[in-house]
Amino acid sequence: MYVRGWGREGVSMTSLRIPATLFTLAALAALAALASVASAESPEEAAARVPLELYLKGHATGNGDYWRQAFHEGAKIQGIREGQLVSRTREEFAKGAPGKPADDEAQRKRRIVSLDVVGDAAYAKIDLDYPKVHFTDYMTLLKVDGEWKIMSKVYQTQPK
């Protein structure tokens, strides 16, 4: 098929489709590049992630020393348990670690859902999905003396 009015030979519709296809592919490549740049982690985000990873490692190993490293010495851990406010210090929380991985450790899943860093402050959401319970943790972090620390943890417990 040819487009009318473009001379005797005309221009085939197939020859018009090739540039359009190339344009579409170039646009998709540009969008993919923008998405990877947008999702690239900044050095500050990577640094703020360190105490969160230590926190997760403490859960995985049952070793409270990881929590001592992750939390600021003045940190508070708070949540509602059986309808009552529970509030613990970093040391109380760390002393509650069992000292070994849980028996069902292989079935437990943990992840950092989100991390938002603005200057020397950050906010994170963590998901702990265990066989019998699901925890959602909200962490506030500050960069104190050049090092990121968890300043507070507020959690929600949802039995399964």
Side-chain angles (χ1 to χ4, degrees), residues 21-160:
T21 301
L22 290 175
F23 175 78
T24 302
L25 290 174
L28 288 174
L31 285 174
L34 284 174
S36 75
V37 168
S39 67
E41 190 171 65
S42 75
E44 266 325 295
E45 288 169 332
R49 191 174 288 274
V50 170
L52 301 174
E53 296 290 349
L54 288 168
Y55 170 73
L56 296 178
K57 195 169 186 178
H59 278 288
T61 63
N63 184 341
D65 288 336
Y66 289 113
W67 292 336
R68 287 181 184 95
Q69 293 173 53
F71 286 91
H72 184 271
E73 62 187 28
K76 291 285 185 194
I77 294 92
Q78 298 179 309
I80 303 294
R81 183 171 290 160
E82 298 175 4
Q84 298 296 312
L85 174 65
V86 176
S87 183
R88 291 185 276 174
T89 65
R90 173 186 76 170
E91 197 53 35
E92 290 168 335
F93 185 66
K95 282 182 179 177
K100 64 182 179 96
D103 293 337
D104 62 357
E105 178 56 34
Q107 289 80 44
R108 294 179 173 209
K109 298 175 187 164
R110 301 173 189 91
R111 69 186 180 107
I112 300 169
V113 176
S114 62
L115 173 62
D116 185 19
V117 178
V118 179
D120 291 336
Y123 174 79
K125 179 179 178 182
I126 294 186
D127 189 60
L128 307 170
D129 189 9
Y130 295 173
K132 296 180 182 176
V133 67
H134 181 264
F135 295 98
T136 302
D137 295 342
Y138 296 99
M139 311 288 207
T140 58
L141 300 95
L142 286 175
K143 188 174 183 181
V144 179
D145 297 325
E147 187 176 15
W148 285 96
K149 292 288 185 180
I150 300 170
M151 301 304 292
S152 68
K153 167 188 161 180
V154 175
Y155 62 92
Q156 165 63 38
T157 306
Q158 185 67 45
K160 292 185 175 179

Test log, rule side chain to side chain contact (heavy atoms under 4.5 Å, CB included), inputs Gln158 and Gln156
CA-CA 7 Å; Gln158 185 67 45; Gln156 165 63 38; 3.9 Å; yes
Could you pull out all residues at least two apart from Glu91 that satisfy side chain to side chain donor-acceptor pair (under 3.5 Å)?
Arg68
Between Gly64 and Ala97, what is the shortest heavy-atom contact and its length?
N-CB, 3.4 Å
Non-hydrogen side-chain atoms of Glu92 and Arg90 separated by less than 4.5 Å:
no
Report the residues that fulfil side chain to side chain donor-acceptor pair (under 3.5 Å) with Asp103, sequence neighbours left out, ordered by chain and then residue number.
none
Would you mind reporting whether Ser42 and Val117 have side-chain heavy atoms less than 4.5 Å apart?
no
With sequence neighbours left out, which residue pairs that include part of residues 135-151 fulfil the salt bridge (Lys or Arg N to Asp or Glu O under 4.0 Å) condition?
Glu44-Lys143, Asp137-Lys153, Glu147-Lys149
Determine whether Trp67 and Leu54 make a side-chain contact, defined as any pair of heavy atoms from C-beta on separated by less than 4.5 Å.
no
Please list, chain by chain and in numerical order, all residues satisfying side chain to side chain donor-acceptor pair (under 3.5 Å) with Ser152, sequence neighbours excluded.
Thr140
Distance in Å, Leu52 CG paired with Ile126 CD1, rounded so as to fall on 0.5 Å steps:
4.5 Å
Which pair of heavy atoms, one from Leu141 and one from Ala48, lies closest together, and at what distance?
CD2-O, 3.6 Å
Sort and list the pairs that fulfil salt bridge (Lys or Arg N to Asp or Glu O under 4.0 Å) and have at least one residue in residues 114-126, not counting sequence neighbours.
none
Scan for side chain to side chain donor-acceptor pair (under 3.5 Å) pairs involving residues 126-135, sequence neighbours excluded, and state none if there are none.
His59-Tyr130, Arg110-Tyr130, Asp127-His134, Asp129-Lys160
Any salt bridge (Lys or Arg N to Asp or Glu O under 4.0 Å) involving residues 46-57? Give me the pairs, sequence neighbours left out, ordered by first then second residue.
Glu41-Arg49
Show which side-chain atoms of residues 71-79 pair as donor or acceptor with protein atoms under 3.5 Å away, not counting sequence neighbours.
unit_1: His72; atom_1: ND1; unit_2: Gly74; atom_2: N; d: 2.9
unit_1: Gln78; atom_1: NE2; unit_2: Ser87; atom_2: OG; d: 3.1

Quick check for you: to the nearest 0.5 Å, what is the distance between Leu56 atom CG and Ile112 atom CD1?
5.5 Å
Quick one: are Leu128 and Tyr55 in side-chain contact, heavy atoms under 4.5 Å?
yes
Can you give me the closest heavy-atom contact between Ala60 and Pro101, atom names plus distance?
O-CB, 3.4 Å
Distance (rounded to the nearest 0.5 Å) between Arg88 CZ and Lys95 NZ:
13.0 Å
Please collect all ring pair (Phe, Tyr, Trp, His ring centres under 6.0 Å) contacts where either partner lies in residues 139-160, sequence neighbours excluded, each pair once.
none
Could you list the residues that satisfy side chain to side chain donor-acceptor pair (under 3.5 Å) with Arg108, not counting sequence neighbours?
Asp104
